[in-house]
A.B. asks: 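Sharing a structure here in structure tokens format.
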Number of protein chains: 2
Amino acid sequence: MASSRKARLYGGMDAEERRAERRLKLIDAAIEVYGEVGYRGATVKAICEAAELTERYFYESFANSEALLIAAYNHVVGHLHEELAAAAAAGGDDPEARLRAALTLYFTRLKEHPKPARVFLLEISGISPAVDAVKLDALRVFSDILVPPARDPKGSDKGAAATLLSIGMVGAVISIALRWVSKHYPQPVEDVVAIAASFCRVALTEADRRRDLRLL
Amino acid sequence: MASSRKARLYGGMDAEERRAERRLKLIDAAIEVYGEVGYRGATVKAICEAAELTERYFYESFANSEALLIAAYNHVVGHLHEELAAAAAAGGDDPEARLRAALTLYFTRLKEHPKPARVFLLEISGISPAVDAVKLDALRVFSDILVPPARDPKGSDKGAAATLLSIGMVGAVISIALRWVSKHYPQPVEDVVAIAASFCRVALTEADRRRDLRLL
DNA sequence: CAGTATTGACAATCTGTATTGTCAGATAAC
DNA sequence: GTTATCTGACAATACAGATTGTCAATACTG
């Protein structure tokens, strides 16, 4: 009875496990193919061929192309965010150190993985409201890692001005990254980090300045 | 013979004039429709209906959908850039004044025209290499208006660092605008301008600082 | 080994849109 | 009023890709 629960094994794997593996293969293949021809140019067929699977298995794991895009995005970005958070934490309490650590890791990873870089920098805009929502959420996380939201004594979420500062900061960093990637990494990482950091500092100091103005 | 040159008049108009007018109607309709359903959701048919023209006239003026998108983009952005340049010029020699004048005009226009705003803030990314090139060019113009490139004594184009600073600045401004527009203009124009300006100041001061470092 | 679950290849269908073509009716020139 | 030009509606075609369905080959189980 203990083993009757499990489906028949293939290649030493559970039905569940096999399905999970196929899902992963599809995600990896998708990142690869998106990197080559872009999300819009990527057909279900091409992704399945890259994954060495047939369309059938595509629809086993994903309702449609968009679902795979979102899964691929979360796959890549989720992992990156963990790393970034760890790097920032290693920077201790010094905002400047945290910033530099996180940015350095960010641009380093971008350089190591050009294809995922395309997927989540370029491809991910204006596909659909659902995809945009996923992206916005990821950017918010990114922003909070770079410049942790100040603990406002009373209110839960930060003010409208602070939000726009975050948005501007992330917009600057992403735009710089996009350019850097699309030009095939002309400058060394530390130079790009320095430039990006100067924009992040705006968000840090402006937020302080504004809070001071209110409190004084 | 003088009049035999001209084609038959319809509605008091030359063949050329009629064609030009239809072209304009299509561009206006496109901006309208893009604003409603996005470029991707906009079919040739829908745009023609909005323009009160049939598909035939679409292909008379444009080779395909993309050509119309580019035309619409240039139509909107070209006009805006003229205005921005004039506003900046009115700010005289003070970089800060120029910046503020241009940004104020920019965000004011954005608020006045929500639909064109969508077209050239949201819709215009990742459609095709041709469209991206048009956009990049427009952003460069925008950047040069906000912070005119320093007259480097010898070299013609600015250094790599200065380019990334421009890119970051424009990225920040656009991201802020995008958020502001998509949330239906929650803050007054002057507040948004102040925040955007703080990012632009980075590009101004950093560029100076770097030049000083080299010259000293 | 017999039997069944699983897989892979591929055909068939469906859908949506771009693009081209047809034609009758409207408009201006003479 | 007659004729050539232009216009608007719409049909016909072309096409690409998603999604579903079929079936024989294969891999495991007992």
A.B. asks: Quick one: F58(A) CZ to dG8(C) P, roughly how many Å, whole number?
C.D. replies: 17 Å
A.B. asks: Using a 4.0 Å heavy-atom cut-off across all strands, classify R56(A) as base, sugar-phosphate, or nothing.
C.D. replies: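 Result for R56(A) = base.
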A.B. asks: Please give, in whole Å, the distance from dT19(D) P to E60(A) CD?
C.D. replies: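 Taking CD of E60(A) and P of dT19(D), I get 15 Å after rounding.
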A.B. asks: Which residue lies toward the 5' end of DNA chain D, G11(A) or N64(A), if each is placed at its nearest nucleotide?
C.D. replies: N64(A)
A.B. asks: OP1 or OP2 of dT20(C) less than 4.0 angstrom from a side-chain nitrogen or oxygen of Y59(B), does that happen here?
C.D. replies: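 For Y59(B), the contact criterion (side-chain N or O under 4.0 Å from OP1 or OP2 of dT20(C)) is not met.
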A.B. asks: Tell me whether K183(A) at atom NZ has more than 12 heavy atoms from other residues, nucleotides or ligands lying less than 6.0 Å away.
C.D. replies: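 Open: at most 12 neighbouring heavy atoms sit under 6.0 Å from NZ of K183(A).
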A.B. asks: Yes or no on side chain to side chain donor-acceptor pair (under 3.5 Å) for E190(B) and T104(B), after CA distance, side-chain angles and deciding distance?
C.D. replies: CA-CA 7 Å; E190(B) 52 266 37; T104(B) 300; over 6 Å; no
A.B. asks: Relative to the 5' end of DNA chain C, which residue comes earlier, A63(B) or G12(B), by the nucleotide with the nearest heavy atom?
C.D. replies: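 Residue closer to the 5' terminus by nearest nucleotide: A63(B).
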A.B. asks: Using whole Å, what does the distance between atom P of nucleotide dG8(D) and atom CG of L53(B) come to?
C.D. replies: 7 Å
A.B. asks: Please give, in whole Å, the distance from dC6(D) C1' to Y57(B) OH?
C.D. replies: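 About 6 Å, once rounded to whole Å.
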A.B. asks: If you assign each of T54(A) and Y10(B) to its closest nucleotide in DNA chain C, which residue comes earlier from the 5' end?
C.D. replies: T54(A)
A.B. asks: May I have the distance from E55(B) (atom CD) to dA12(D) (atom C1'), rounded to whole angstrom?
C.D. replies: 13 Å
A.B. asks: In whole angstroms, how far is the C1' atom of dA18(C) from the CD atom of E49(B)?
C.D. replies: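 So the CD-C1' distance, E49(B) to dA18(C), works out to 15 Å.
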A.B. asks: Where is the tightest heavy-atom contact between L139(B) and I174(B), given as atom of each residue plus distance?
C.D. replies: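 Heavy atoms only, the tightest pair is CD2-CD1, 4.0 Å.
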A.B. asks: Heavy atoms only, 4.0 Å cut-off, all strands: where does R19(B) land among base, sugar-phosphate and nothing?
C.D. replies: nothing
A.B. asks: Salt-bridge test for K135(B) and D132(B): reply yes if a basic N is under 4.0 Å from a carboxylate O, no otherwise.
C.D. replies: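 Salt bridge: no.
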A.B. asks: So what does R22(B) touch, heavy atoms closer than 4.0 Å: a base, only the sugar-phosphate, or nothing?
C.D. replies: sugar-phosphate
A.B. asks: Whole angstroms only, please: what is the CD1-P distance between I47(B) and dT17(C)?
C.D. replies: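 Value for this atom pair: 12 Å.
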A.B. asks: Show your reasoning for whether ring-ring contact (aromatic ring centres under 6.0 Å, His included) applies to F107(B) and Y185(B).
C.D. replies: CA-CA 10 Å; F107(B) 284 104; Y185(B) 318 100; 9.8 Å; no
A.B. asks: In whole angstrom, what separates F62(A)'s CZ from dA18(D)'s C1'?
C.D. replies: 16 Å
A.B. asks: Answer with yes or no whether R8(A) presents, from its side chain, a donor or acceptor under 3.5 Å of a partner atom in the base of dT4(C).
C.D. replies: yes
A.B. asks: Looking only at side-chain atoms of T43(B), point me to the closest of dT29(D), dA29(C), dA18(C).
C.D. replies: dA18(C)
